[in-house]
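Here the structure is laid out as structure tokens; the discussion comes afterwards.
From a predicted model like this one, the values you see are computed outputs, not experimental measurements. Every chain is numbered from 1, with letters handed out A, B, ... down the list of sequences.
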2 protein chains.
Amino acid sequence: MEEPLTPKRSVTVADVARAANVSKATAARVLGGYGVVSDKVREQVLAAAAALEYRPNELARSMTTGKSGIIGVVVGDIENAFFSLAVRGISDVARMAGFNVIIANSGEELDAEKSAVDLLIGKRVDGLIVTPARCDRMEHLQDIRRVGVPLVLFDRNIPALGVDAVTGDDLDAAMIATRHLLDTGHRRIAYISAMDTESEFLDDSRSISNSAVRERVEGVLKEQADAGIAKARYYVRLGATDQPKTDGVVKSLLQDAAPPTALIASDSLVGLRIFKTLQTLGLSIPRDISMISFLDADWTTVTTPPITVVDQPVYEMGKKAAERLISRLNGKDLPVERTVIKTGLIKRGSVASPSRSNDQ
Amino acid sequence: MEEPLTPKRSVTVADVARAANVSKATAARVLGGYGVVSDKVREQVLAAAAALEYRPNELARSMTTGKSGIIGVVVGDIENAFFSLAVRGISDVARMAGFNVIIANSGEELDAEKSAVDLLIGKRVDGLIVTPARCDRMEHLQDIRRVGVPLVLFDRNIPALGVDAVTGDDLDAAMIATRHLLDTGHRRIAYISAMDTESEFLDDSRSISNSAVRERVEGVLKEQADAGIAKARYYVRLGATDQPKTDGVVKSLLQDAAPPTALIASDSLVGLRIFKTLQTLGLSIPRDISMISFLDADWTTVTTPPITVVDQPVYEMGKKAAERLISRLNGKDLPVERTVIKTGLIKRGSVASPSRSNDQ
DNA sequence: AATAGCATTGAGACCGGTCTCTTTTTGCAT
DNA sequence: ATGCAAAAAGAGACCGGTCTCAATGCTATT
């Protein structure tokens with residue numbers, strides 16, 4: 001009569017053992033797939049398990065083994081195609097190796113990142129892949145190592161930490177993009193980033209706490225310095241975090257007495273926003289202004305014109321990071337390795353020589 | 001001398017208790033935040049915990065409480081903006097309620113979905129949100145209920161299961177889109193879906209196992225039937241799973257003696273692919289052909305022309321699903337509820353009256 | 001001063017697995 | 001038959017928390 005609609009207690013090894021008339025240890029051996037058991041007994045246990053619909057409790061298993069089979073990933077923003085693609089790379093590799101992935105968003109904020117890390121460590125993840133929001137604050141990351149959880153940094157490196165890191169070659173990528181614009185005849189090149197700061201302007205590139213952002217800015221500046229361009233730093237603008245802000249940044253640049261003739265977007269989200277801004281302003285690309293975006297996002301090929309982009313093999317970067325972490329999880333102690341993934345430039349239609357009128 | 005570089009054993013309540021000179025139970029009370037403890041003792045324990053850098057083992061905690069604080073989510077493909085946006089909605093709500101989210105991809109395959117569900121139940125997730133790949137196979141989903149884990153279906157419903165479901169109003173959405181095209185003068189409207197089947201053609205819409213896909217197809221057909229259009233079903237094509245296949249589907253449609261004058265894409269990925277195909281073919285939208293895509297993806301606003309879309313409030317759908325699940329997790333037994341989220345049409349520039357030449 | 005009564009703290013079982021160690025069976029050689 | 005090593009099965013501790021229940025201490029009441 002009191003058929004339990006929701007069987008409150010789940011079936012355990014002990015239950016199966018009882019049903020199969022063997023000891024808990026024996027049942028555990030066949031159910032857990034370890035130790036030696038005779039074929040006859042194995043059959044019995046398996047039959048009993050099937051009849052009872054036994055499902056192993058991974059939690060209990062993890063508790064005793066100390067391994068959870070979970071890899072924790074902390075990224076800035078999964079919405080961003082960059083991260084979601086990277087996460088897929090990580091997940092694919094992880095799944096193949098029998099690991100699961102828990103993803104946590106930091107929103108690029110240090111506190112959120114800290115608590116995400118705490119949380120994941122609490123869940124006893126076997127390893128961690130983190131995109132550090134800032135490269136100058138690393139106490140919580142040192143904690144990770146102290147606890148003994150392998151860590152791989154992603155997209156941004158903190159050399160002082162002494163852990164594996166997988167990053168793009170941001171300096172080089174920025175230089176290539178800049179050089180392309182210089183070669184095309186541009187002399188006033190703006191670099192627009194979504195980095196959140198007090199000022200829209202850049203004082204000193206060394207003060208940028210995010211290594212990826214810093215390297216790109218330095219790449220842009222270095223290439224221009226080599227070309228003998230003076231006011232390069234003036235054209236580096238930060239804070240394009242949403243559409244209105246991006247509109248503001250772009251407009252302020254274009255209203256300048258000497259407006260830039262080319263724009264470089266620090267990521268595909270910024271790129272999309274800039275494109276929309278320019279569209280709103282009724283500017284034609286590349287006639288009125290040229291642009292290059294980081295990341296070969298899908299929208300960049302369907303615009304008119306299609307956008308020239310810095311191609312980052314993000315999926316591969318994610319894979320690489322996961323592979324590194326997993327080999328460290330299995331293997332003993334590998335030397336710390338910094339993997340830098342080369343990036344390329346895909347030339348499409350958004351770059352042209354600056355028009356005379358602009359190139360006063 | 002033998003300073004352990006990697007402290008193999010983590011600090012436990014027992015360690016803290018010992019350091020604080022109190023019983024394990026007392027230390028556990030303050031560390032676990034339950035029961036009553038005097039302020040004095042609390043201080044001691046907290047101090048000891050801090051000194052030892054105690055970190056609770058959530059696994060052990062989950063084991064005894066039976067709650068893992070994790071919500072499992074099984075989606076078709078996180079790459080798809082539809083799912084990634086939904087997942088963010090789910091995650092946001094979950095985080096606010098103190099839950100974590102584990103995401104599993106099914107790739108829209110039943111077997112993968114089954115094992116994902118098994119895996120998540122093994123991890124003892126507190127609840128599950130699943131996007132069932134097929135609505136005609138539900139043994140594994142019944143298992144979930146039998147185990148006593150609350151389940152919410154997302155995007156697709158299986159009424160026979162008798163569980164909560166949050167879906168879009170796909171029938172209505174398809175009808176609205178179709179009506180818009182009819183109103184604009186189109187009489188040959190193609191619906192292109194990424195659904196993977198043997199045949200590119202549709203025999204009987206009732207044979208479609210995915211309820212969302214089915215409803216959309218039925219919406220398209222119904223609206224045309226009401227308008228007295230005869231060969232509507234002929235223009236429903238499936239299998240646009242990647243760019244080459246999409247190219248094929250579109251080309252075969254356009255090479256028909258009576259080619260469609262308008263295309264409806266079943267999701268934003270298919271939409272993007274169709275757009276690229278049309279671009280490759282040198283067709284001008286909406287002059288040569290009109291199109292509507294499902295989902296207001298970001299790329300749809302930067303194309304020339306911008307794409308008219310069926311706007312699905314996916315983020316809200318995700319939120320709603322998570323809210324439902326969580327209230328079921330907390331509350332007692334609510335009645336089964338099917339939430340249908342209204343969708344709208346955002347008219348942009350990709351629909352126009354069919355040109356005379358096409359409308360022979 | 002004795003004792004009821006409440007606030008704290010302590011002891012120890014328990015969750016559901018894994019795993020070591022011990023005991024019992026089995027198989028085969030002598 | 002008998003011995004003995006190897007194989008199979010059983011007992012029970014353990015992982016790191018939670019939680020029940022008992023014990024202790026202190027204040028308040030009469």
**Q.** Euclidean distance, atom CZ of residue B:R29 to atom C1' of D:dC19 [Å, nearest integer]
**A.** 9 Å
**Q.** Reported CZ-to-CG distance for the pair A:R137 and A:L110, which is rounded to 0.5 angstrom
**A.** 5.0 Å
Q: Just do the salt bridge (charged side-chain N to carboxylate O under 4.0 Å, His left out) check on A:R61 and A:E58 with the steps written out, would you?
A: CA-CA 5 Å; A:R61 187 167 283 171; A:E58 297 294 343; 3.7 Å; yes
Q: Pull out every residue in residues 42-72 of chain B that has a heavy atom closer than 4.0 Å to any atom of DNA chain C, ordered by number, or say none.
A: B:M63, B:T64
Q: Working to the nearest 0.5 Å, report the span between CG of A:D155 and OG1 of A:T131.
A: 6.0 Å
Q: Let me know the distance between NZ of B:K24 and P of C:dT9, rounded to the nearest Å.
A: 18 Å
Q. Among D:dT18, D:dG12, C:dG16, which is the nearest nucleotide to the side chain of B:A28?
A. D:dT18
Q: Report the nucleotide, chosen from C:dT8, D:dT18, C:dT9, that has the shortest atom-to-atom distance to any side-chain atom of B:V37.
A: C:dT9
Q.
Would A:R88 and A:D92 count as a salt bridge (charged side-chain N to carboxylate O under 4.0 Å, His left out) here? Give the steps.
A. CA-CA 6 Å; A:R88 196 164 66 92; A:D92 285 353; 3.7 Å; yes
Q: Give A:V36 one of three labels, base, sugar-phosphate or nothing, depending on what nucleic acid heavy atoms sit under 4.0 Å from its own.
A: sugar-phosphate
Q) Is any side-chain nitrogen or oxygen of B:Y34 closer than 4.0 Å to OP1 or OP2 of D:dT18? A) yes
(Q) Let's see if you can work this out: which of C:dT9, D:dG16, C:dC19 has an atom nearest to the side-chain heavy atoms of A:A25? (A) C:dC19
Q.
From CZ of A:R124 over to P of C:dG17, roughly how many Å is that when rounded to an integer?
A. 20 Å
Q: Could you check how far CD1 of B:I121 sits from C1' of C:dG16, rounded to whole Å?
A: 17 Å
Q. If we fit an axis to the first five pairs and another to the last five of the helix from C:dA1-D:dT30 to C:dT30-D:dA1, what angle do they make, to the nearest 10°?
A. 50°
Q | Minimum-distance nucleotide (side-chain atoms of A:S10 versus C:dG10, C:dG16, D:dT18) | A | C:dG16
(Q) In this structure, how many angstroms lie between the P atom of D:dG10 and the CZ atom of A:R18, rounded? (A) 14 Å
Q. Would you say B:S23 reaches C:dG10's phosphate, i.e. side-chain N/O to OP1/OP2 under 4.0 Å?
A. yes
Q. If only side-chain N and O atoms of A:S38 are considered, is one of them under 4.0 Å from the OP1 or OP2 phosphate oxygen of D:dA9?
A. yes
Q) Is the shortest heavy-atom distance from the side chain of A:L128 to the side chain of A:I121 under 4.5 Å? A) yes
(Q) When you compare the side chain of B:V163 with that of B:L153, does any pair of heavy atoms fall below 4.5 Å? (A) yes
Q. Does the side chain of B:V30 come within less than 4.5 Å of B:Q44's, by heavy atoms?
A. no
Q) What distance separates A:D126 CG from A:R328 CZ, expressed to the nearest 0.5 Å? A) 15.0 Å
Q. Is B:K320 atom NZ crowded by more than 12 heavy atoms from other residues, nucleotides or ligands, each under 6.0 Å away?
A. no
